[in-house]
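Structure record follows, encoded as structure tokens.
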Amino acid sequence: MKKRGTLLMTGLFLILCFGAGVWWFVEEVENQLWNGSVRTVTENTHQGVNALRLRFEMDFNFLDRIWEGMGESDSPEDMLAIYSRIEPDMSLYLTEQQPEQGWIDSDSEAYTFLEGTLLERGIIDSHINPATGENVFNIFVRGFLAEGTSAFLVKEYRTQEIAHQFTLSFYDDTGYSYLINRTGTIMVRPENENSTGTTYNLFDMLLNQGNDAVKVEAFKDSVYGLKTGWCRLTYDEVGLVFCYEPLGADSDWLLVSIIPEPVITAQTSSILQKTLFFSGTAIGIICMLVMTFYWNKMHENEVHTSELTEALETADKANRAKGRFLADMSHDIRTPLNAILGMAAVGQKNIGDEEKVEDCLKKIEKSGVQLLTLASDVLDLSQIEQGELIIKEEPMCLPQVFEETVGLIRRKAAEAGLTLECTSVQVKDQAVMGDALRIRQILLNIISNAIKYTPAGGRVTLKLTQTESKESYGIYCFSCADTGIGMEPEFRERMFVAFERARNTTASKIPGTGVGLTITKNLLDAMGGTIEAQSTPGKGSVFTISFPLKIQRDVAEEEKKILANRDMRVLVVEDNELNMEIMEEFLKAADVQVEKAADGKEAVDMVKASKEGYYDLILMDIQMPVMDGYEATRKIRMMDRKDVNHLPIYAVSANALAEDVKNSLDAGMDGHIAKPVDPEVIEKVLVKIRA
């Protein structure tokens, strides 16, 4: 009896332990999924704020540039008329007279605000424009006309357009977002059936809803203080999650995302139900095993032994099933935690539809790529407008760059159902000096446009030739012909203007920023090249570019002499051990003495402790702990010794944008080597130093 009691107690203890483990697991899963969902919505809100902020900052900069011309003009009416062709929603408000018809706008609401403001720039809250009857808001920049009159340059936005372009929706449109000011007044309302169309102040939604007054006041204080955060409140007996972040851009507006709490918890409930089902099954199996073992222990015969063996096999299967279940659950949890927690759950209705979830994830990825492309294009365009475009002159093989570019784009053409042909590559002088990154960017822009505007079944034909040689320069020609939709003559006249497109993105469903040809034209201008286009609507287009490149001189024998008579000491500054090992192998292969430093401070100390002329070259990583490469370079250049002024220091960094190259040069470096490092580039740097 005592033995039986012990077995029974052991079984009950195991069941209790397993039940406690399941309870802990359920709690942990629920907390993890909830926190992940909130982080997902917070991140989406942040992305929405960034998109709006970028839009407004670009428009503020545009207004500033217009003021630069209007401030010196004797005829601001004419200047405004010219700029209005680019941006028709601009107006000029004088502060010393009432608005008049014509080139001075007649929005009295905006005029009243501007008449009383002391701000130099900002955003006017949404209101009804008396002249048009539309719900609008404005951004403004204060300036002075040529005669000294104070005035405001104003750009008008229609709230309906902004709502369509920038307000967010989440979880299969059950969540939505508002643009509000710091007092809670709704400035832009989403086009979402779940949003309230009668409430004009967000805080009014929370009145008489049974919410904790302290939490509501804390929410109001955070919004009024233009802070970032989230909270849980109730409206119409439904729990809501509010995620909010200030817009910035010289405004007191915030983007507030609202998601019903049941939507967020839907995924959690489903997973918990499955967990409880499998847990109950496992506990039932364990109970059955315990009872079988308990009763069969009383019989020590062959039948009893056979049944016991079968029960043990069943237990083993149950344990393996439990292990697979826990592994699957771990995978299902870690996957959304790795890839922005909770994004796999796009809505309560689609929670069990794997195809729908995969489709939504692809759309999110596509949107991310489009935003990244937009950011990159805007950055390039900004550098062009500010005169900061850098064209490097480095050794390169032009046909190789061409072939690499075609390889990058060939898959995209195949996915679009197109035939991509390279009919001819006729280049006599292949080794040239130029900027391979920018040339690749030019080719990609032109070929991508051809693929984008050519229907499936069409053809894109590429050709690269060298047309002539002049002294030490070769003239190279690239053409791209397609069988696409072609261009109307009026568009060809403005196709190099920023943000111009042959067809509207919404109507044509063809993505793009409209600045690719603008960037291409400016890059070619900086290189001394040209671009021409021939097109017939409905039949296709042919783009032809021509650009000069300096032909590399034959330096093979000279380099051999230099490399054969080399006695150099190089200091490599790199915090990554693997990268350090790679660089050390490259340099040792060139018979160069190598010394190593793990961060910028160590490099500064080593140079300071060495005698003058000890180091022939420093290869400096940029992002390092303790002290980065920029600061280390500046400290070395500031040392009180003669050799540091002409000591070659080259950046070796994975940051390879034009801005990064400029930052390296501004910090006092002599050049910039992009990772992954090409040993031939290192070789040429060594030759250059010893030449």
Side-chain angles (χ1 to χ4, degrees), residues 390 392-395 553 555-656 660-691:
I390 297 176
K392 297 184 291 186
E393 191 172 275
E394 298 176 342
R553 57 189 177 88
V555 296
E557 292 300 323
E558 182 179 346
E559 288 184 359
K560 289 180 181 179
K561 293 178 181 178
I562 294 173
L563 295 175
N565 189 25
R566 180 181 294 164
D567 182 16
M568 300 180 66
R569 182 179 287 105
V570 177
L571 174 59
V572 180
V573 190
E574 171 65 66
D575 65 310
N576 184 283
E577 293 183 3
L578 181 58
N579 289 341
M580 175 68 81
E581 181 180 350
I582 293 171
M583 188 64 72
E584 189 175 7
E585 290 298 323
F586 286 168
L587 293 170
K588 285 184 176 179
D591 295 328
V592 173
Q593 299 181 49
V594 179
E595 295 191 9
K596 300 180 286 186
D599 56 63
K601 184 178 183 304
E602 184 178 349
V604 172
D605 293 339
M606 291 176 68
V607 174
K608 186 181 297 183
S610 68
K611 63 181 181 180
E612 290 196 7
Y614 182 75
Y615 293 112
D616 298 286
L617 170 66
I618 297 178
L619 297 176
M620 182 78 72
D621 188 21
I622 300 300
Q623 295 184 358
M624 296 181 292
V626 185
M627 182 185 295
D628 64 34
Y630 296 141
E631 183 64 20
T633 300
R634 284 190 285 265
K635 287 186 177 295
I636 291 173
R637 296 297 190 204
M638 293 171 61
M639 290 181 183
D640 187 17
R641 46 193 284 177
K642 296 179 180 179
D643 62 331
V644 295
N645 293 326
H646 53 79
L647 172 61
I649 303 177
Y650 277 71
V652 182
S653 174
N655 300 330
D660 302 313
V661 177
K662 182 177 182 299
N663 291 338
S664 299
L665 299 177
D666 290 344
M669 298 184 182
D670 297 278
H672 188 285
I673 301 172
K675 293 180 180 178
V677 177
D678 186 341
E680 293 184 2
V681 174
I682 298 295
E683 191 88 352
K684 292 185 180 300
V685 170
L686 297 176
V687 170
K688 181 179 179 181
I689 292 172
R690 272 298 185 223

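The figures that follow rest on heavy atoms only: side chains count, while hydrogens, waters and symmetry mates do not.
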Among all residues two or more places apart in sequence or in another chain, which pass the salt bridge (Lys or Arg N to Asp or Glu O under 4.0 Å) test with E584?
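Counting only residues at least two positions away or on another chain, E584 forms a salt bridge (Lys or Arg N to Asp or Glu O under 4.0 Å) with K588, K596.
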
For E595, which residues count as a salt bridge (Lys or Arg N to Asp or Glu O under 4.0 Å) partner, sequence neighbours excluded?
R569

Looking at L647, is its backbone amide N or carbonyl O close enough to the side chain of R637 to form a donor-acceptor pair, meaning the two atoms are under 3.5 Å apart?
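A pair under 3.5 Å: yes.
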
If you look at every heavy atom in [X] and [Y], which pair is closest and at what distance?
X: P648; Y: I689; answer: CB-CD1, 4.0 Å
X: N579; Y: N576; answer: N-OD1, 2.9 Å
X: S610; Y: Y615; answer: OG-CE1, 3.8 Å

What distance separates [X] [atom1] from [Y] [atom2], expressed to the nearest 0.5 Å?
X: S653; Y: D621; atom1: OG; atom2: CG; value: 6.0 Å
X: D670; Y: H646; atom1: CG; atom2: NE2; value: 11.0 Å
X: I682; Y: L619; atom1: CD1; atom2: CG; value: 5.5 Å
X: D599; Y: E574; atom1: CG; atom2: CD; value: 11.0 Å

Are [X] and [Y] packed together at the side-chain level, in the sense that at least one heavy-atom pair is separated by less than 4.5 angstrom?
X: H672; Y: V652; value: no
X: M639; Y: I636; value: yes
X: L617; Y: Y650; value: yes

Taking 4.0 angstrom as the limit, do K688 and E683 come out as a salt bridge?
no

Run the side-chain hydrogen bond (donor to acceptor under 3.5 Å, both in side chains) test against D616 and tell me which residues pass, sequence neighbours left out.
R690

Please list, chain by chain and in numerical order, all residues satisfying side-chain hydrogen bond (donor to acceptor under 3.5 Å, both in side chains) with K601, sequence neighbours excluded.
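For K601, the residues satisfying side-chain hydrogen bond (donor to acceptor under 3.5 Å, both in side chains) (neighbours in sequence not counted) are D605.
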
What residues form a side chain to side chain contact (heavy atoms under 4.5 Å, CB included) with [X], not counting sequence neighbours?
X: A597; answer: L571, V573, E602, A603, M606
X: V592; answer: R566, M568, V570, L587, A590, L686
X: P679; answer: F586

Using a 6.0 Å cut-off, check whether atom CD of Q623 has over 12 heavy atoms from anything other than its own residue.
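Check fails, neighbour count at 12 or below.
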
Walk me through whether M669 and M620 qualify under side chain to side chain contact (heavy atoms under 4.5 Å, CB included).
CA-CA 9 Å; M669 298 184 182; M620 182 78 72; 4.0 Å; yes

Which residue pairs pass the salt bridge (charged side-chain N to carboxylate O under 4.0 Å, His left out) test when at least one of the two sits in residues 622-631, sequence neighbours left out?
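Those involving residues 622-631 are E631-R634, E631-K635.
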
Quick test of your reading: applying salt bridge (charged side-chain N to carboxylate O under 4.0 Å, His left out), list the pairs with at least one residue in residues 638-648, sequence neighbours left out, ordered by first then second residue.
R641-D643

